[in-house]
Enquirer: 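My questions all concern the structure below.
The chains referred to below are lettered A, B, ... by the order of the sequence lines, with proteins before strands, and numbering in each begins at 1. In this text the structure is predicted, and so the values were computed from the model without any measurement.
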Amino acid sequence: MTETLSFPDPTQLAVPFFIAAILIEFLWIAMKKRGGRYETRDAVTSLVMGAGSVAEGILLGFIAWGFLMVLWDLTPLDLGTSVWALVACFVLDDLRYYWVHRFGHRIRWVWASHVNHHSSQHYNLTTALRQTWTGTFTFMMVVKAPLVLLGFHPALVLFAGGLNLIYQFWIHTEAIGKLPGWFEAVMNTPSHHRVHHGRNPRYLDCNYAGVFIVWDRMFGTFVPEQEDEKVDYGLVHNLGTFNPLRVAFHEWLGIWRDITQPGLTLRQRLAYAFAPPGYSHDGSRETSAQIKARHLARHPQDRGTPGFTDRPPGPAQGLRS
Amino acid sequence: MPLEFLLILVIGGISAIAVILHLTGRSHRAVLLPEDARAAWHRHFPDDMIVDVTVAHDGHAALVETEQGPGLLWSFGADTVGRHLRDFDLLDHPQGLRVLFHDFTAPQVTLHLSPDERRDWQARMTPR
Ligand SMILES: [Zn+2]
Ligand SMILES: [Zn+2]
């Protein structure tokens with residue numbers, strides 16, 4: 001395959017479609033008086049985050065690209081650019097997305113980049129564009145390595161990743177309820193992804209899927225949207241600022257302040273960077289597991305219901321379907 | 001896509017959406033009643049035991065006394081944000097008070113208070 005293979009950047013090409021879809025969703029909500037909420041500064045912050053994310057890709061994209069091209073030179077495999085190669089790449093890249101996204105919620109270093117996507121208390125199509133500016137610094141491009149080593153050209157891998165993000169755009173809406181059962185069973189949908197944006201203890205750390213929700217069902221992280229529990233969008237500790245710079249960098253600053261405070265062991269410093277968000281050496285903060293446990297202490301009747309099904313590790317876990 | 005074109009599209013798109021939202025009244029800040037403020041505080045801090053809630057006359061902020069200490073709730077766009085009053089500075093402001101939290105994610109809040117309210121709030125916010 002030639003080294004100059006190039007695909008268009010799908011996210012850039014989709015910009016006019018994004019703008020049109022946002023206007024249509026807004027008009028629909030305004031006319032029907034249901035199906036979501038829009039707020040000026042919230043929407044502008046989301047859109048500026050989206051623009052900044054594209055800019056970051058243009059400025060720093062060469063780092064991930066260079067890394068993947070080194071691997072491409074190493075691998076003897078080449079699966080070509082047929083439609084089947086693209087389909088296979090898209091599906092495997094979605095599995096890659098699932099794990100990167102899961103790391104994004106379970107490792108503070110990666111959460112520092114991803115947190116901004118969850119920082120709005122709203123959930124509409126602009127929220128989809130509230131994307132990170134600091135993805136390169138998470139080094140999560142290493143999770144793309146197996147794809148390239150398997151013989152998918154880096155351009156194909158990045159193209160598949162772009163399509164994945166575009167798919168996720170339309171699911172950031174309250175205007176669509178639940179879709180037909182077969183679709184909800186296989187695909188990530190507005191309903192599943194609303195749950196992912198919830199700060200309710202029940203909805204923390206679930207539904208990491210990009211395109212196919214089957215990964216969450218396979219790996220035990222699926223929680224369906226509950227009729228009787230409305231999703232409360234945003235962060236456990238909501239931000240009190242619309243300033244995009246603060247939104248983009250606040251958690252990185254938090255990591256820096258935590259690991260540089262005096263009197264910690266090396267292990268504690270590392271935990272502040274790489275343990276799940278909410279870790280603290282003195283118990284002054286809460287992880288999602290602790291938030292769920294505290295919720296169950298107050299609402300024991302919720303134990304065993306979706307989002308609260310964690311059992312102690314044992315042989316039964318392997319049998320879970 | 002040429003970069004200039006992308007830039008024009010992005011700036012134009014964001015501006016158009018912002019203007020449409022603003023002109024259709026989507027910039028209004030949340031107005032709180034005492035019972036809203038209570039519910040909002042519990043939404044942010046579900047374990048706090050609320051003792052008393054005082055809403056500012058403009059409805060954009062509430063002083064929340066809890067067994068866990070005093071807290072401030074304020075309108076944040078159409079929603080609210082709350083912080084415990086632990087690490088902050090209080091400044092005079094022509095319309096009331098300005099709270100500077102030592103918190104990168106919630107740097108400051110301007111409270112619009114009547115002179116009476118201001119005296120009362122200042123006394124209750126100042127750590128004893
Ligand atoms: Zn997420
Ligand atoms: Zn999302």
Side-chain angles (χ1 to χ4, degrees), chain A residues 8-9 12-13 15-16 18-20 22-23 26-27 29-30 37-48 50-52 54-55 58 115 119-122 126 129 199-201 232-243 246-247 249-254 257 286 291 294-295 297-298, chain B residues 1-3 5-30 39-49 61 71-84 86-88 99-110:
Chain A
D9 182 340
Q12 287 182 29
L13 292 177
V15 169
F18 289 157
I19 295 170
I22 287 165
L23 291 173
F26 173 67
L27 284 176
I29 292 169
R37 303 183 304 139
Y38 267 83
E39 202 270 333
T40 311
R41 277 169 300 171
D42 172 83
V44 169
T45 299
S46 292
L47 296 170
V48 169
V54 171
I58 292 170
V115 59
S119 62
S120 173
Q121 298 188 43
H122 290 250
T126 66
L129 304 181
R199 58 189 288 285
N200 320 41
D232 179 13
Y233 302 106
L235 298 169
V236 171
H237 299 289
N238 276 315
L239 303 186
T241 174
F242 290 112
N243 181 336
R246 290 185 188 269
V247 174
F249 297 111
H250 69 95
E251 191 69 16
W252 292 106
L253 187 78
R257 285 183 178 162
E286 283 182 317
I291 292 169
R294 191 164 48 79
H295 174 92
R298 264 181 296 134
Chain B
M1 178 178 315
L3 208 56
F5 186 64
L6 184 65
L7 212 60
I8 291 168
L9 205 58
V10 166
I11 294 172
I14 294 176
S15 311
I17 292 168
V19 168
I20 291 170
L21 291 180
H22 186 72
L23 294 180
T24 53
R26 263 63 181 186
S27 307
H28 293 311
R29 290 163 68 204
W41 190 264
H42 268 145
R43 192 182 139 237
H44 296 295
F45 304 99
D47 276 347
D48 276 11
M49 300 291 283
L72 186 68
L73 181 84
W74 67 96
S75 305
F76 181 70
D79 304 291
T80 61
V81 167
R83 290 289 186 271
H84 285 107
R86 281 180 194 139
D87 189 13
F88 68 101
V99 187
L100 301 179
F101 288 103
H102 304 154
D103 177 345
F104 190 74
T105 65
Q108 56 167 299
V109 187
T110 304

Enquirer: At a heavy-atom separation under 4.5 Å, does B/Thr24 approach chain A through its side chain, its backbone, both, or neither?
Expert: side chain
Enquirer: Could you tell me which non-hydrogen atom of A/Gly240 sits nearest to which non-hydrogen atom of B/Pro107, and how far apart they are?
Expert: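 Taking every non-hydrogen atom into account, O-CD, 4.2 Å.
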Enquirer: Looking at every heavy atom in both A/Thr40 and B/Ala18, which two are closest together, and how far apart are they?
Expert: CG2-O, 3.8 Å
Enquirer: Which pair of non-hydrogen atoms, one from B/Phe104 and one from A/Phe249, has the smallest distance, and what is that distance?
Expert: CE2-C, 4.3 Å
Enquirer: Would you call A/Arg298-B/Asp47 a salt bridge at under 4.0 Å N-O?
Expert: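 Yes.
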Enquirer: Using non-hydrogen atoms only, which part of A/Arg246 is less than 4.5 Å away from chain B: side chain, backbone, both, or neither?
Expert: both
Enquirer: Would you mind checking which part of A/Val247 comes under 4.5 Å of any heavy atom in chain B, side chain (CB onward), backbone (N, CA, C, O), both or neither?
Expert: neither
Enquirer: For residues B/Ala78 and A/Glu39, report the shortest heavy-atom separation together with the two atoms involved.
Expert: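 Shortest heavy-atom contact: N-CG, 3.5 Å.
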Enquirer: Would you say the side chain of B/His22 lies within less than 4.5 Å of the side chain of A/Val44, judging by non-hydrogen atoms?
Expert: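 No. Closest side-chain heavy atoms not under 4.5 Å.
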Enquirer: Which bit of A/Asn238 comes within less than 4.5 Å of chain B, counting heavy atoms only: side chain, backbone, both or neither?
Expert: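 Contact with chain B: backbone and side chain both.
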Enquirer: Let me know if A/Leu13 has heavy atoms under 4.5 Å from chain B in its side chain, its backbone, both or neither.
Expert: both
Enquirer: Is B/Leu7 close to chain A through its backbone or its side chain, or both, or neither, when contacts mean heavy atoms under 4.5 Å?
Expert: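 It is neither, since no heavy atom gets under 4.5 Å.
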Enquirer: Can you confirm whether B/Val81 sits close enough to A/Gln121 that some side-chain heavy atom of one is under 4.5 Å from a side-chain heavy atom of the other?
Expert: yes
Enquirer: Checking A/Leu23 against chain B: side chain, backbone, both or neither under 4.5 Å from a heavy atom?
Expert: side chain
Enquirer: Can you tell which part of B/Arg43 gets under 4.5 Å to a heavy atom of chain A, answering side chain, backbone, both or neither?
Expert: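 Answer is both: backbone and side chain atoms of B/Arg43 are under 4.5 Å from chain A.
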Enquirer: What residue in A/Phe18, A/Phe26, A/Tyr38 has the most heavy-atom pairs under 4.5 Å with chain B?
Expert: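 Winner by heavy-atom pair count: A/Phe26.
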Enquirer: Quick check on B/Leu9 against chain A: is it the side chain, the backbone, both or neither that has a heavy atom closer than 4.5 Å?
Expert: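 For B/Leu9, heavy atoms of backbone and side chain both lie under 4.5 Å from chain A.
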Enquirer: Among A/Arg41, A/Arg199, A/Arg37, which one satisfies salt bridge (Lys or Arg N to Asp or Glu O under 4.0 Å) with B/Asp79?
Expert: A/Arg37
Enquirer: Is it the case that atom NE2 in A/His237 sees more than 12 heavy atoms from other parts of the structure closer than 6.0 Å?
Expert: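 Not buried by this count: 12 neighbours or fewer within 6.0 Å.
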Enquirer: Quick check on A/Ala30 against chain B: is it the side chain, the backbone, both or neither that has a heavy atom closer than 4.5 Å?
Expert: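 Both backbone and side chain.
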Enquirer: Can you tell me how far apart CD1 (A/Ile22) and CG (B/Leu21) are? Round to the nearest 0.5 Å.
Expert: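 Rounded to the nearest 0.5 Å, the CD1-CG separation comes out at 9.5 Å.
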Enquirer: For each of A/Ile58, A/Thr126, A/Thr241, A/Ile19, tally heavy-atom pairs with chain B at distances under 4.5 Å, and name the one with the top tally.
Expert: A/Thr241
Enquirer: Pick from A/Arg257, A/Glu251, A/His122: which one has the most heavy-atom pairs with chain B under 4.5 Å?
Expert: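 Of the options given, most contacts go to A/His122.
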Enquirer: Quick one: does any side-chain atom of B/Thr105 pair with a main-chain N or O of A/Leu239 as donor and acceptor, under 3.5 Å?
Expert: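 The answer is no, because no donor-acceptor pair under 3.5 Å joins these two groups.
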Enquirer: Find the one option among A/Asn200, A/Asp232, A/Val54 whose heavy-atom pairs under 4.5 Å with chain B are most numerous.
Expert: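 Among the listed options, the one with the most contacts to chain B is A/Asp232.
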